[in-house]
Each structure stands twice: as C-alpha cells, then as structure tokens.
Amino acid sequence: MSSSFEPSLSTSGVRPPLATADAPSMADTLPSINFGFEDLRNRMAQFTARFDAFIERGRKQVLEERNQFRIGLAELQEDQRMRQRDIEIINLKAQTHEQTLQKEAAEAAEMHTAISSVALERDSRLAKRDRLKQQIEETQNAINQKLEAQKAHARHLDAQSRLNIPELEFWQDYLCLRIEGAGREDRLKFIYSHLLEKDWDTEAWFELGTASRDYEVFHTRPKVDREALERELDLLNEDRDFGAFLKRMRRLLVESLK
C-alpha cells in the first residue's frame, strides 16, 4: 500500500507564524508576581541579628558559668586544703598531748625518785652543815682581809690620781688640749686646738674608750689612718705612757689635717 506525501500538511500545521517587531513577547504576556524579596531580606537580617545576640548571650553565659565553676572549684580546693591543714594540726596536737602525758608520767616517776633521794640527802646535808659553818667563818675572814687590801689599794690609787692631776694639766697646756665627756661614762673626748699656723681655730679630736684595761679609739675627726692608729693604741696599751700617747695623737691628727 502506497501513500503520497503532501508538503502543505507536513510543515504548515506546526510552524508558528513569523514574529514581527510590533508583536508582544511571551514574557510580556506573563502575569506579574511579587515575591517580597526586600521584606524577606529584612526579616533574615533581623533573624541573623537576633541569632547573633542569642549566640553572644549564650557565650557570655557559658563563660560566666565556667568562671563560677572554676571559682567554686578553687574554693572547694582551698576548703579541702584548710580541712587537711586542720586535720594535720589536730594530729600534731594529739601527738603533742600524748608526748606531754608520757613526759608527765616520766616526771612523776622522777619526782618519786627525787623525793627518796632528797630524804637521803637531808641527812647528809645536816652532817655537812657544821663543816659549812666553819668554812663560812674562814671565808669571812678571807673576805675581810681582801677588803682591807682593796681599801689600801684604793688609797694608793687616790694618792696616785692626785699626783696625776698636775701632770694632766701640764699636757693640757702643752698640747693645747681640753678633755670633755663623750656622752657615755666609759668614753672621753680629747680636743686639740692651735693645730695649723694659718688657722689656729681649727680643732681635731678623738674619742677614747676606757671600759676595759686596753684603751680603744672609736671616733676621730679628721679621720686618720687606721693602721697608724692601731699602732699608737698597741704602744699605749703596752707602755701605759698616756702623756706620750696624747702627743703622738696630736701629731697624727695634724698630719691628717694637712
């Protein structure tokens, strides 16, 4: 069976008519739809701001809770340390109390022993009493003898000091020297004047300690060489020639001033 082809039916039925410049487009014929993008954008921005604020509040709350937890944990640890320390103190006190009880028991036993020994010692002391009385009498006699010797020595020193006064006055005049107190009973201050020809008012001094047998110099003005000062003190403590020492100290002070 054969069929014939008809060109007019093959293309004319499905091809649209040719478009012209004045004909409307299919997009223009579609209905206009308002999706509300601006409102949606604003709502999303508000949601984002609220969400960020929620996250920030949550983060702050978490930080605060974590800090509170750390503070609470530190307080618990400190409380635990304090309790441990209290326990150690109580244990130490208990040990001390136990040691005290043991010590008191030992002391009680020693006291009983001591009482027994005292009773025995009393008898021996009664026997020694007579001997002690005799020794006391002998000692008193020896003391009286020593007192007499000391009084004689004091009288000798007094006489010697009376002889030393003119000598001291001589050295004061000869060395342009005056003697003053240094604020303490065991110290004297020796002050020299007329040391420099250009300035007779210039003064120099030193403080002498007399607390012990060996003399000591504590302060000088002007400062002098310490080694030279020690040599002068050694010489004084050896020969006890105080006048010569005052003369040498004046020379030493003058050298320091120059």
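In this structure, K223 and S256 approach most closely via the heavy-atom pair O-OG, 3.4 Å. In plain terms, the two heavy atoms of D199 and T202 that are nearest each other are OD2-OG1, 2.7 Å. Here the closest heavy-atom approach between residue R187 and residue G209 is recorded as CG-CA, 4.3 Å.
No donor-acceptor distance shorter than 3.5 angstrom exists from the side chain of Y192 to the backbone of M249, with no hydrogens or angles considered. When atom types are taken as modelled, the side chain of N42 and the backbone of E38 share a donor-acceptor pair closer than 3.5 angstrom. Between the side chain of R250 and the backbone N or O of S193, at least one donor-acceptor pair lies under 3.5 Å.
A 6.0 Å sphere centred on CZ of R122 holds no more than 12 heavy atoms belonging to other residues, nucleotides or ligands. Heavy atoms from other residues, nucleotides or ligands lying under 6.0 Å from CZ of F218 number more than 12. Atom CD of E56 has more than 12 neighbouring heavy atoms from other residues, nucleotides or ligands inside a 6.0 Å radius. Heavy-atom neighbours of E65 CD from other residues, nucleotides or ligands within 6.0 Å: above the threshold of 12. Around the CD atom of E185, the shell of radius 6.0 Å holds no more than 12 heavy atoms that belong to other residues, nucleotides or ligands.
Judged as a salt bridge (charged side-chain N to carboxylate O under 4.0 Å, His left out), and not counting sequence neighbours, the contacts of E180 are R178. Remark: R240 engages no residue in a side chain to side chain donor-acceptor pair (under 3.5 Å) (not counting sequence neighbours).
Between F245 and F206, the two ring planes are perpendicular [angle over 60°; tilted spans 30° to 60°].
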* To do: Determine, stepwise, if the pair R81 / E78 fulfils salt bridge (Lys or Arg N to Asp or Glu O under 4.0 Å).
  => CA-CA 5 Å; R81 285 194 295 268; E78 182 64 23; 2.4 Å; yes
* To do: Show the numbers, then the answer: is there a ring pair (Phe, Tyr, Trp, His ring centres under 6.0 Å) between F242 and F190?
  => CA-CA 12 Å; F242 200 75; F190 295 82; 5.7 Å; yes
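Side-chain contact between L236 and D241 is absent, with no heavy-atom pair separated by less than 4.5 Å. Residues L63 and R66 have side chains in contact (heavy-atom distance under 4.5 Å, counting atoms from C-beta outward). Proximity of D130 to Q134: side-chain heavy atoms (C-beta onward) are nowhere separated by under 4.5 Å. Counting only heavy atoms from C-beta outward, the side chains of Q140 and E137 never approach each other to under 4.5 Å.
Atom CD of Q102 is separated from atom NE2 of H97 by 10.5 Å, given to the nearest 0.5 angstrom. Note that the CZ atom of R41 and the OG1 atom of T48 stand 12.0 Å from one another [nearest 0.5 Å]. The line from CG of L233 to CZ of R248 is 9.5 Å long, rounded to the nearest 0.5 Å. From D79, atom CG reaches atom CD of E75 across 9.0 Å, with rounding to the nearest 0.5 Å. How far CD of E203 is from CG of L257: 11.0 Å, rounded to the nearest 0.5 Å. Considering CZ of R83 and CG of D86, their distance stands at 8.0 Å, rounded to 0.5 Å.
Tracing side-chain contacts under 4.5 Å through hydrophobic residues (I, L, V, M, F, W, Y), one reaches Y174 starting from L253; they form part of the same cluster.
R226 and E230 are joined by a salt bridge, as a carboxylate oxygen and a charged side-chain nitrogen come within less than 4.0 angstrom of each other.
The hydrophobic cluster containing I191, built from Ile/Leu/Val/Met/Phe/Trp/Tyr side-chain heavy atoms closer than 4.5 Å, also comprises W205.
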